[in-house]
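All residue numbers in this chain count up from 1 along the given sequence. When a ligand or atom number is given, it counts from 1 through the structure's own listing order.
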Amino acid sequence: MTLPPDAYPPAVERLVAGLEPPEVRDILTRCLSGSVSPAVALMQMLIETEDSPAVRKAVDEVTGRAATLSRATDSILRDRVDELTQLVVENAPGCDRIAEMLRSNMDSPDQAATVEDGIAFCERLFDWSVQQSEEASVALYSLGNPQLLDRATGEIIAQLERWGVISAEHALLDIGCGIGRLVEELAPRAREVSGIDVSTQMINTALRRCAPLANVKLLKGTGRDLREFGDAVFDAAIAVDTFPYIRQSGAALVETYFGEVTRVLKPGGHFVILNYSYGGDDEGDANEIARLARDYEFDVVVSAERPFTLWDGLAFHLTRREALPRPAQHRAEESRPS
Ligand SMILES: C[S@@+](CC[C@H](N)C(=O)[O-])C[C@H]1O[C@@H](n2cnc3c(N)ncnc32)[C@H](O)[C@@H]1O
């Protein structure tokens, strides 16, 4: 629950005063004010420090100070501290593992020199990370905890249902499906679900997890396109935390994927992107998506919203226009003087 504006700032300030480093203090302030969930706050602190004992120490300090808060007047804040404390206590090994993964420097925010390099980097990164922790490899904020990941996945599924993306008649595509946590939940609710991913180890994991599901197809793709699929075969395509990596591989790959999604979707089909980049510039992302939507024949239904409570994913919901313009080549031929 989000605290009413200006309701508790002095109490929050007292809980975090003097904590170091300042980045951790800021994250805790946002968490205790209700802007980010405790799980996302923990993930952010681990990314910031790469030091799980330091994160635990900061949370312990807040827990100790919170004992002075009045249950009568500061109950929401007390509950939030309790939730954070419990998460830290219950997920200590997961936090240690994530800090270790971060310290390995396998991941990097740097833009790839070429699309080929970018794709090879993603393949390497995700082949490796799924072997460290299946849950953390697709969502660090799960802290490697299957129950936390299931709850976050449940929120995504509920939102997709509200947007009309999921239906028993629909054929769905999950781009960058990872371990198949969404495919698993979509399959019982859809006619068929296809998942594609550039990482062999991710697809192997997804194949194992989805083995009992008869209406699921999982493919290791090249990372360059969706050539495995025919034209206008899907009612919806989703990409959850995949575009930041496609984008990091190069602007040309983003264009290719948008063109490919236009091709494989039926007219009127849904295209949902949850997190387009990790740049932290919501307006910039919204502008880029608006331009891509114009160029690739989508209408933007939802732009840059954060509909989840457990996860801070930035959501875009597009629909493919019903009537595609005639191919540019035909238009060029028509305009040629006879
Ligand atoms: C953070 S994980 C998210 C996985 C999944 N969407 C989820 O939310 O559980 C990002 C996934 O995108 C995949 N990926 C990265 N670049 C890709 C590309 N060019 N084509 C297809 N998949 C890609 C990675 O291998 C990885 O499995």
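- A donor-acceptor contact shorter than 3.5 Å links the side chain of Gln111 to the backbone of Arg247.
- Looking only at atom types and distance, the side chain of Arg181 has a donor-acceptor partner in the side chain of Thr153 under 3.5 Å away.
- Looking only at heavy atoms of the protein, atom 10 (C) of ligand 1 is closest to Asp241 O, 3.4 Å.
- Applying the side-chain contact (heavy atoms from CB on, under 4.5 Å) rule to Pro188 yields no partners; only residues at least two apart in sequence or on another chain are considered.
- Every residue two or more places apart in sequence or in another chain that forms a side-chain contact (heavy atoms from CB on, under 4.5 Å) with Gln201 is listed here: Asp127, Val130, Gln131, Ser199, Asn204.
- Shortest contact from atom 5 (C) of ligand 1 to any protein heavy atom: Gly176 O, 3.2 Å.
- Cys177 counts as a contact of ligand 1, since one of its heavy atoms falls under 4.0 Å from the ligand.
- Scanning the protein heavy atoms around atom 14 (N) of ligand 1, the nearest turns out to be Val198 CG1, 3.8 Å.
- The contact set between ligand 1 and Gly223, taken as ligand atoms under 4.0 Å from a residue heavy atom, comprises 18 (C), 19 (N), 20 (N).
- With hydrogens and angles ignored, the 3.5 Å screen pairs a side-chain donor or acceptor of Ser37 with a backbone N or O of Leu310.
- The single protein non-hydrogen atom nearest to atom 7 (C) of ligand 1 is Arg181 NE, 3.5 Å, given as residue, atom name and distance.
- Considering only non-hydrogen protein atoms, atom 3 (C) of ligand 1 sits nearest to Val240 O, 3.5 Å.
- Heavy-atom proximity to Tyr245, at under 4.0 Å, picks out these atoms of ligand 1: 1 (C), 15 (C), 16 (N).
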request  = May I have the step-by-step check of side chain to side chain contact (heavy atoms under 4.5 Å, CB included) for Leu186 and Ile238, ending in yes or no?
outcome  = CA-CA 11 Å; Leu186 292 170; Ile238 64 167; 3.9 Å; yes
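- Using cut-offs of 30° and 60° on the angle between ring planes, the pair His270 and His170 is tilted.
- Atom 2 (S) of ligand 1 has its nearest heavy-atom neighbour, among Tyr257, Phe126, Phe121, in Phe126.
- Residue nearest to atom 25 (O) of ligand 1, selected from Asp197, Ile119, Thr200, Ile246: Asp197 (by heavy-atom distance).
- With respect to Met45, the side chain to side chain contact (heavy atoms under 4.5 Å, CB included) criterion is satisfied by exactly one of Leu28, Asp26, Val88: Leu28.
- In Ser249, neither the side chain nor the backbone holds a heavy atom less than 4.0 Å from any atom of ligand 1.
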